[in-house]
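Could you have a look at this structure, given as structure tokens, before my questions?
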Amino acid sequence: MRLSQYPINTAKETPAEAEVLSHQLMLRAGLIRREAAGLYSWLPMGLRTLRKAETIIREEMDRAGALEVIMPVFQPAELWQESGRWTEYGPELLRFKDRHERDFVAGPTHEEVITDIVRRDIKSYRQLPVNFYQVQTKFRDEIRPRFGVMRAREFIMKDAYSFHVDAASLQQGYRAMYDAYTRIFTRMGLDFRAVRADSGPIGGDVSQEFHVLAASGEDAIVFSDEDGYAANLEAAEALPPMEPRPAPRETMTRVPTPGARTIVELSRMLEVEPSRCVKTLLVEGSEEDVVALVVRGDHELNAVKAQRLPGVANPLRMAGAERIARATGAQAGYIGPVGLRGRVYVDHSALALADFICGANEKDMHLTGVNWDRDVGAVTAADIRNVREGDPSPSGRGHLRMARGIEVGHIFQLGSKYSRPLKAAVLDESGKEVTLLMGCYGIGVTRVVAAAIEQNHDERGIIWPEPLAPFQVVLVPLNLQKSARVREVADRLYNELSAQGIEVLYDDRDARPGVKFADAELLGIPHRLVVGDRGLEAGRLEYRYRRDSENTEFAAGEAIDFIKARMR
RNA sequence: CGGGGCAUGGCGCAGUUUGGUAGCGCAUCUGCUUUGGGAGCAGAGGGUCGCCGGUUCGAGUCCGGCUGCCCCGACCA
């Protein structure tokens, strides 16, 4: 591609609207343009990368035996009413009426449609298992679209759905997708990790996320330093402490703590470690008014774990001041488990404390020397905290380390969540009707592109992993307009490289060298070839890999072999 | 949705305090010079100052309302 005929517009200045790096670079490099909040156009340079990602995904999905389809973006409300999600999904589901006043949705995902197809077309166990996938535009009316293409309202997703007669087949299909995803992200040259995810109401170990590791990632992920255990922080299990709880030594004492409403203030005032305190959080209950959740002062509550507990409202809601006053007679900051009525869940680590400090359920008062069995009524032990770096791994081997990740893929074993309400069933070998089991598997294609940039950039711009780069080679002739020799060599190189099937971006613009270098680096093209009079005097060309800071010179006649050797 | 902020050529901003008919840098176009790290000079084009209403002889500026966008918290690929 001759850059003189490719209308790119790079910008030196960062648009004010862009907060995260990938968004800034995508705008500056002219890969995307914003039309409205969370709605983006993909310009030619950006689309090339998007297509590369799609191609890798298609090849690996096909290789795994999945079959490509395209389903409608807009879907009839009836299907969503049938699955129950018309009422469950909430305002993120964009709904609208057509001219006949019929209800439709803009599809945020396609379980209903694919299940409708399968229930009509798949009648026999002989046709199973089957896996359908598509690369399609999705629409989710996000409360707050942000980070450019990373959390857009309209985005491109590869979604796949597998159908099975039994659990063993589902597990096999799921495993095949796990392997396909691993190949996909490996081929893309991304540093990623598959982690256990919160499996939601389905339960069991049936959901994993694929995260691209990047310091700017929105999700915290944890992994063992000794084995393959990895999980989303939300889903990472915290093991109960090994040591038995010490025997009580102190007597319970009321101490005035005026103004100490937080653990930090409390521990400072009493000159004790936060880990000697417990904090008691009141959340709304599903049956009772409030439920108490107790964690150690230096620990954080894990909302996903907590909202799964019996009696706790899901989603988790912190109790308001009024409910707190009604339940304890005190206010937030001075709540404690002593004398508390109703359901109390205590995190294992908090339960391992003796002689601890907690709120006295009285303004400006705390209790010291508190002990569970002696001073507190019946409580339930539970895992309700976030794990921390250094905690023992739930796998039993090693300790946990933490990293930030960007979720680019998610695989689920759904079971019969959709097939049951939509009545998708086949006849098995014995002629008996069985409800299908289903798996679903998503990759955020547009998000992968942004994540690749988050993970691979420097102060000069993008550093594309080679498999995703819009062009493989950027050819930079210097003084092209004046030097016949440079033009002759550069034109020939462009033609020869192109003839070899190499994607070359030929910067034949009448621009100064600095402009061309800066753009080549901003665009992140992996291999740069420079043709200049200075080098040609000695019969040499210059090469630089985007990640390197030094040039390599080589004989002009060996250009094709030289480049091909570096492209592997 | 709650809280905070912004809205002025394509982009980044000043001008608003104290009302007087819109300016700077980048980008774009033309010419000349320049050509190994975002050039110089000369010239040019481009803005109903987010929208509606009000105050005023006069509003980018003051007042009222609306809209859009960005940032911080609960959802997701």
Side-chain angles (χ1 to χ4, degrees), chain A residues 7-20 23-24 27-28 30 33-39 53 57 89-93 108-110 135-160 181 197-198 200 207 209-212 218-219 232 234 303-304 307 315-318 405-412 440-451 460-461 476-483 486 509-522 528 530-537 542 544 549 551:
Chain A
I8 65 157
N9 235 328
T10 56
K12 273 184 257 187
E13 281 162 314
T14 301
E17 70 184 55
E19 189 65 15
V20 297
H23 190 197
Q24 295 175 357
L27 289 170
R28 282 186 52 204
R33 288 290 180 250
R34 193 181 67 88
E35 297 304 335
L39 300 178
I57 291 169
Y89 211 98
E92 210 173 284
L93 179 64
T109 170
H110 283 72
V135 178
Q136 243 284 27
T137 295
K138 299 279 187 270
F139 192 94
R140 295 182 188 173
D141 201 357
E142 294 276 349
I143 297 169
R144 186 152 87 88
R146 57 184 140 168
F147 308 146
V149 119
M150 197 101 81
R151 182 185 297 280
R153 288 193 290 176
E154 187 182 285
F155 60 100
I156 294 174
M157 179 157 122
K158 187 288 299 173
D159 47 326
Y181 276 38
D198 169 42
S207 169
E209 296 167 346
F210 287 77
H211 284 261
V212 168
E218 270 197 280
D219 287 295
N232 193 309
E234 290 175 350
V304 170
Q307 70 196 10
L316 193 75
R317 283 186 304 273
M318 300 306 289
I406 300 165
E407 186 190 347
V408 291
H410 200 160
I411 57 177
F412 287 89
C440 81
Y441 319 93
I443 292 178
V445 185
T446 38
R447 184 182 280 183
V448 164
V449 174
R460 297 179 170 194
V476 181
L478 304 179
N479 201 15
L480 180 70
Q481 270 61 25
K482 290 281 171 62
S483 169
V486 167
R509 295 176 299 176
D510 181 13
R512 296 170 63 85
V515 174
K516 296 186 180 187
F517 292 144
D519 279 347
E521 283 156 353
L522 176 60
R528 185 178 81 187
V530 177
V531 182
D533 272 318
R534 207 168 71 186
L536 289 179
E537 294 286 350
E542 271 169 39
R544 189 190 290 192
S549 53
N551 290 330

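Sequence lines set the chain letters: A, B, ... in the order given, protein chains first and strands last, and positions in each chain run from 1.
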**Request:** Quick one: label G514(A) by what it contacts on the DNA or RNA (base, sugar-phosphate, nothing), any heavy atom closer than 4.0 Å.
**Result:** sugar-phosphate
**Message:** For G148(A), is there any backbone N or O sitting under 3.5 Å from a side-chain donor or acceptor partner on R34(A)?
**Reply:** no
**Fill in**
Regarding the side chain of E407(A), the nearest nucleotide among A77(B), C72(B), U34(B) is A77(B)
**Fill in**
Side-chain atoms of R140(A) come closest, of C76(B), A39(B), C26(B), to C76(B)
**Item:** Nucleotide opposite C32(B) in a Watson-Crick or G-U pair, distances under 3.5 Å
**Value:** G40(B)
**Asked** Sub-3.5 Å donor-acceptor pair from the side chain of R28(A) to the main-chain atoms of A11(A), do we have one?
**Response** yes
**Request:** With C1' as the reference atom in both, quote the distance from U8(B) to G15(B) in angstrom, rounded to an integer.
**Result:** 9 Å
**Message:** Does the structure show a Watson-Crick or G-U wobble partner for G64(B), both distances under 3.5 Å? Name it, or say none.
**Reply:** C52(B)
**Request:** Ignoring the backbone of R28(A), work out which of G38(B), G36(B), A77(B) is nearest its side chain.
**Result:** G38(B)
**Message:** Check whether Q24(A) reaches the backbone of E19(A) with its side chain - one donor and one acceptor, N or O, closer than 3.5 Å.
**Reply:** yes
**Request:** Would you mind classifying the nucleic acid contact of E209(A) as base, sugar-phosphate or nothing, using non-hydrogen atoms under 4.0 angstrom?
**Result:** nothing
**Message:** Looking at G36(B) and F517(A): do their rings stack (centroid distance under 5.5 Å, interplanar angle under 30°)?
**Reply:** no
**Asked** Expressed as a whole number of Å, how far does the C1' atom of G45(B) sit from that of G3(B)?
**Response** 44 Å
**Message:** The test is side-chain contact (heavy atoms from CB on, under 4.5 Å); show your working for K138(A) and D159(A) and say whether it passes.
**Reply:** CA-CA 10 Å; K138(A) 299 279 187 270; D159(A) 47 326; 2.9 Å; yes
**Request:** Quick one: label N551(A) by what it contacts on the DNA or RNA (base, sugar-phosphate, nothing), any heavy atom closer than 4.0 Å.
**Result:** base
**Request:** Considering only atom C1', compute the distance from C71(B) to C26(B) and round it to an integer number of Å.
**Result:** 25 Å
**Request:** Quote, to the nearest angstrom, the P distance that separates U55(B) from G64(B).
**Result:** 15 Å
**Asked** With a 4.0 Å cut-off on heavy atoms, is N232(A) in touch with a base, just the backbone sugar-phosphate, or nothing at all?
**Response** nothing
**Message:** Measuring only the C1' atom in each nucleotide, how far is U21(B) from G60(B)? A whole number of Å is fine.
**Reply:** 11 Å
**Request:** Please check if the side chain of Y441(A) supplies one atom and the backbone of K158(A) the other of a donor-acceptor pair under 3.5 Å.
**Result:** no
**Request:** Report the base-pairing partner of G46(B) (Watson-Crick or G-U wobble, both distances below 3.5 angstrom), or none.
**Result:** none
**Asked** Using a cut-off of 4.0 Å on non-hydrogen atoms, how would the nucleic acid contact of R528(A) be classed: base, sugar-phosphate, or nothing?
**Response** base
**Message:** Need one value for D519(A): base, sugar-phosphate or nothing, where a base atom within 4.0 Å counts as base even if backbone is also close, heavy atoms only.
**Reply:** base
**Complete:** Assert: residue with more 5' nearest nucleotide on RNA chain B, out of N479(A) and M150(A), is N479(A)
**Item:** Base C76(B) to side chain R447(A), donor-acceptor N/O within 3.5 Å cut-off
**Value:** yes
**Asked** What integer number of Å spans the P atoms of C66(B) and G2(B)?
**Response** 13 Å
**Request:** Quick one: label S483(A) by what it contacts on the DNA or RNA (base, sugar-phosphate, nothing), any heavy atom closer than 4.0 Å.
**Result:** nothing
**Item:** Watson-Crick/G-U partner (both atom distances under 3.5 Å) of C11(B)
**Value:** G25(B)
**Request:** Using the C1' atom on both, measure A59(B) against U16(B) and round to a whole Å.
**Result:** 10 Å
**Request:** Check every strand shown and say whether A152(A) touches a base, only sugar-phosphate, or nothing at a heavy-atom separation below 4.0 Å.
**Result:** base
**Asked** At under 4.0 Å, does any side-chain N or O of R512(A) touch on OP1 or OP2 of A39(B)?
**Response** yes
**Who pairs with C1(B) - Watson-Crick or G-U, where each distance is under 3.5 Å** = G73(B)
**Message:** Considering every strand and a 4.0 Å limit on heavy-atom distances, what is the contact class for R544(A): base, sugar-phosphate, or nothing?
**Reply:** base
**Message:** I want to verify a distance call: between G36(B), G38(B), G12(B), whose nearest atom is closest to the R534(A) side chain?
**Reply:** G36(B)
**Message:** Nearest to the side chain of F412(A), heavy atoms from C-beta on, is which of C11(B), G38(B), A77(B)?
**Reply:** A77(B)
**Message:** Which is more 5' along RNA chain B, the nucleotide nearest G442(A) or the one nearest D533(A)? Just name the residue.
**Reply:** D533(A)
**Prompt:** If you check every side-chain atom of K12(A), which of G36(B), G38(B), C11(B) has the closest atom?
**Reply:** G38(B)
**Item:** Pairwise P distance for G46(B) and G40(B), with rounding to whole Å
**Value:** 25 Å
**Request:** Could you tell me whether a side-chain N or O of K516(A) sits under 3.5 Å from a main-chain N or O of P477(A), the two making a donor and an acceptor?
**Result:** yes
**Prompt:** With distance as the sole criterion, do the side chain of R146(A) and the base of C72(B) form a donor-acceptor contact below 3.5 Å?
**Reply:** no
